[in-house]
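As a basis for the values below, the full set of heavy atoms in this structure was taken, side chains included, without hydrogen atoms, waters or symmetry mates. Numbering of residues begins at 1 and proceeds along the displayed sequence.
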Amino acid sequence: MPTAFQKELVTLAHRLADLGDLVSIALEEATRSVLESDPTLGGRAREQAAAVAALGAACEDQACALLALHAPREAEVKAVVAAVHTAADLTRMGGLAQEVAEARGRVPSEVRPALERLGGHAVAAARALREVLVGGDGAGLGAAVALVGVAEREVGAWVDGRDWPRGAGGAVDLVLLAAVYGRFAGTTAGIGRRAAGFAPVGS
């Protein structure tokens, strides 16, 4: 029978999964705000990012309370430490979604399909991660992360292959925006690798 500690760890895992949901929603709305030049969507994405920060802090507090109120074994301590790092990383991903929402300038129509794919793959990676956090196999996580890299390079190649009509600043902004998605996906992959330390939670 699961102990009280193990039950609370399961609850924490599901809160982290909820945090992953918020992150994916924030990035999805941020991407739409950039593609559609819609400040309302950008505002909603920033609100989601603020909610991510609040829930991430709550998850970290809950993890610390688990250590303070129980006498966990070594393997359980490792699971809690993994949870703390996961909450912090997901919070950073919310910050990256906010960076997307705050991107400057309009995206040229010719590159929007590539940017839309980039955002879609990054969101798919975050959604696959959610399943990992509750004990699933996260099927598709690795593939989605790899596709983010492909789409990021596609955006970079598009910029490099053209005389940028709005000056060098616009080209730099677009490359930096694509790089934000790359960092988002990279963080997702890192959490997925660490999820093995959370394995007892799903049982």
Side-chain angles (χ1 to χ4, degrees), residues 16-53 55-56 59 85-134 136-159 171-195:
L16 289 171
D18 290 342
L19 185 55
D21 283 338
L22 280 177
V23 166
S24 63
I25 292 169
L27 186 64
E28 188 171 40
E29 293 191 340
T31 300
R32 286 177 55 205
S33 76
V34 170
L35 292 171
E36 300 173 17
S37 299
D38 187 334
T40 300
L41 285 171
R44 280 167 44 184
R46 288 189 289 273
E47 289 173 4
Q48 293 287 353
V52 166
L55 183 54
C59 287
H85 286 300
T86 297
D89 283 347
L90 286 167
T91 301
R92 279 192 288 274
M93 288 166 66
L96 291 171
Q98 182 167 335
E99 283 189 43
V100 171
E102 294 173 349
R104 297 176 296 172
R106 295 179 63 88
V107 176
S109 59
E110 302 93 331
V111 78
R112 283 178 194 165
L115 190 64
E116 186 173 11
R117 286 192 294 275
L118 181 55
H121 295 319
V123 169
R127 287 177 175 159
L129 178 63
R130 187 233 186 264
E131 298 306 315
V132 173
L133 294 173
V134 291
D137 62 6
L141 174 57
V145 170
L147 287 170
V148 169
V150 171
E152 183 182 357
R153 290 190 293 274
E154 184 180 354
V155 172
W158 187 91
V159 172
V172 170
D173 288 343
L174 187 55
V175 171
L176 290 176
L177 175 60
V180 172
Y181 286 101
R183 295 202 303 275
F184 184 99
T187 305
T188 303
I191 296 172
R193 288 191 295 270
R194 191 190 304 122

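The shortest non-hydrogen separation linking Ala101 to Ala30 is N-CB, 3.7 Å. When all heavy atoms of Gly140 and Ala128 are compared, the pair lying nearest together is C-CB, 4.3 Å. Counting all heavy atoms, side chain and backbone alike, Arg117 lies closest to Ala151 at C-CB, 4.4 Å. Closest non-hydrogen pair, Gly94 versus Ala49, comes out as O-CB, 3.4 Å. Nearest heavy-atom pair across Ser37 and Pro39 is O-CD, 3.4 Å. Across every non-hydrogen atom of Phe184 and Ala122, the tightest pair is CE2-O, 3.5 Å.
Among Val111, Val34, Leu35, Val107, the one residue that satisfies the side chain to side chain contact (heavy atoms under 4.5 Å, CB included) test with Glu116 is Leu35. When the options Thr188, Leu118, Val123 are evaluated for a side chain to side chain contact (heavy atoms under 4.5 Å, CB included) with Val148, the one that passes is Leu118. Checked options Val23, Thr31, Ile25; the residue passing with Leu27 is Thr31 (criterion: side chain to side chain contact (heavy atoms under 4.5 Å, CB included)). When the options Asp18, Leu55, Leu133 are evaluated for a side chain to side chain contact (heavy atoms under 4.5 Å, CB included) with Leu90, the one that passes is Leu133.
With values rounded to the nearest 0.5 angstrom, Gln48 atom CD is found 11.0 Å from Leu41 atom CG.
Looking only at side-chain heavy atoms (C-beta outward), Glu152 and Tyr181 stay at 4.5 Å or farther from each other. Between Val155 and Val175, every side-chain heavy-atom pair lies at or beyond the 4.5 Å cut-off. The closest side-chain heavy-atom distance from Met93 to Ile191 is below 4.5 Å.
Using a 4.0 Å cut-off between charged nitrogen and carboxylate oxygen, Arg32 and Glu36 count as a salt-bridge pair.
Screening residues 89-99 for side-chain hydrogen bond (donor to acceptor under 3.5 Å, both in side chains), with sequence neighbours left out, gives Asp89-Arg92, Asp89-Arg194, Gln98-Glu102, Glu99-Arg183.
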